[in-house]
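Okay, structure first, notes after.
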Amino acid sequence: MTDDCLFCRIVAGSVPARVVHETDSVLAFHDINPQAPTHVLVIPKVHHRAVGDLDPVTAGAVLQAAHHVAKGEGIAEDGYRLVFNTGRDGGQTVFHVHCHVLGGRSLTWPPG
């Protein structure tokens, strides 16, 4: 855990979040600035700066949780998008790896 990391503080319970799914290794919660009707973040509970830092087991747990969230939020059947922003130029603003689960409307391409 990193004290200056917002997501680590959410995992620790010192910052509130609207949690929708939790396992021993991952936590999923609603984004505070949603970009779609459904916008949930899935994070590993252990701090990793970027997606390339994840071991295969943790990466798999994040992806499995993302699909679980999509089903739970009712967007799995119509479709959803998973996004990992990595690095500043990739749009990452919180440097704790996280997967955006987006859906609830038709998503266009390219994303922007």
Side-chain angles (χ1 to χ4, degrees):
M1 183 168 138
T2 305
D3 290 337
D4 63 344
C5 173
L6 172 63
F7 291 169
C8 285
R9 292 194 316 258
I10 290 172
V11 169
S14 62
V15 172
R18 290 183 18 210
V19 173
V20 297
H21 180 70
E22 183 172 9
T23 70
D24 290 342
S25 61
V26 299
L27 184 68
F29 52 90
H30 286 276
D31 194 296
I32 62 168
N33 184 27
Q35 301 300 304
T38 298
H39 189 168
V40 174
L41 302 177
V42 180
I43 66 169
K45 288 184 173 180
V46 174
H47 184 86
H48 298 279
R49 185 170 170 83
V51 70
D53 298 333
L54 295 179
D55 62 87
V57 171
T58 303
V62 169
L63 291 174
Q64 184 177 37
H67 181 66
H68 179 87
V69 165
K71 287 171 55 177
E73 294 290 313
I75 60 173
E77 189 170 314
D78 289 337
Y80 59 96
R81 182 174 292 162
L82 302 180
V83 176
F84 288 89
N85 298 325
T86 301
R88 291 195 197 286
D89 286 351
Q92 187 176 8
T93 57
V94 177
F95 290 89
H96 181 126
V97 66
H98 54 285
C99 176
H100 298 259
V101 181
L102 300 154
R105 66 170 167 82
S106 181
L107 301 170
T108 60
W109 195 263

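Worth saying up front: this structure is predicted, and the values here are computed from it rather than measured.
Judged as a side-chain hydrogen bond (donor to acceptor under 3.5 Å, both in side chains), and not counting sequence neighbours, Gln35 has no contacts. Here His47 pairs with His96 under the ring pair (Phe, Tyr, Trp, His ring centres under 6.0 Å) rule; sequence neighbours left out. Every side-chain contact (heavy atoms from CB on, under 4.5 Å) that Ala28 has, sequence neighbours left out, goes to Val20, His21, Val40, Val42, Val69. Checked against side-chain hydrogen bond (donor to acceptor under 3.5 Å, both in side chains), Thr38 has no partners two or more places apart in sequence or in another chain. Residues passing the ring pair (Phe, Tyr, Trp, His ring centres under 6.0 Å) test with His100 are His39, His98, sequence neighbours excluded. For Arg18, the side-chain hydrogen bond (donor to acceptor under 3.5 Å, both in side chains) test picks out His30, with sequence neighbours left out. Residues meeting the ring pair (Phe, Tyr, Trp, His ring centres under 6.0 Å) test with Phe95, sequence neighbours left out: none.
Closest approach of Val26 and Ala65 over heavy atoms only: CG2-CB, 3.6 Å. Nearest heavy atom pair, residue Gly103 against residue Ala36, reads O-CB, 3.6 Å. Considering every non-hydrogen atom in both Pro37 and Gly104, the closest pair reads CG-O, 3.6 Å.
To the nearest 0.5 angstrom, Leu63 atom CG is 9.0 Å from Leu54 atom CG. Atom CG of Leu41 and atom CG of Leu27 lie 9.5 Å apart (nearest 0.5 Å). Atoms NE2 and SG, from His48 and Cys5 in turn, are 11.5 Å apart once rounded to the nearest 0.5 Å.
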(message) The test is side-chain contact (heavy atoms from CB on, under 4.5 Å); show your working for Ile75 and Val101 and say whether it passes.
(response) CA-CA 10 Å; Ile75 60 173; Val101 181; 4.1 Å; yes
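Among residues at least two apart or in separate chains, side chain to side chain donor-acceptor pair (under 3.5 Å) pairs with a member in residues 70-80 are His67-Tyr80. Evaluation of the salt bridge (Lys or Arg N to Asp or Glu O under 4.0 Å) test over residues 83-111, restricted to residues two or more places apart or in two chains, returns none. Applying the salt bridge (Lys or Arg N to Asp or Glu O under 4.0 Å) definition to pairs two or more places apart or across chains, those involving residues 24-49 are Glu22-Lys45.
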Name the atoms and distances for all side-chain donor-acceptor pairs under 3.5 Å in residues 8-15, with sequence neighbours left out.
{"residue": "Arg9", "atom": "NH1", "partner": "Asp3", "partner atom": "O", "Å": "3.4"}
{"residue": "Ser14", "atom": "OG", "partner": "Arg9", "partner atom": "O", "Å": "3.2"}

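Under a hydrophobic clustering in which Ile, Leu, Val, Met, Phe, Trp and Tyr are joined whenever their side-chain heavy atoms come within less than 4.5 Å, directly or via other members, Val94 and Val62 fall into different clusters.
Applying the under-4.5 Å side-chain rule to Ile, Leu, Val, Met, Phe, Trp and Tyr, the cluster around Val83 extends to Leu102, Leu107.
Looking at Val51 and Asn85, their side chains never come closer than 4.5 Å, going by heavy atoms from C-beta outward.
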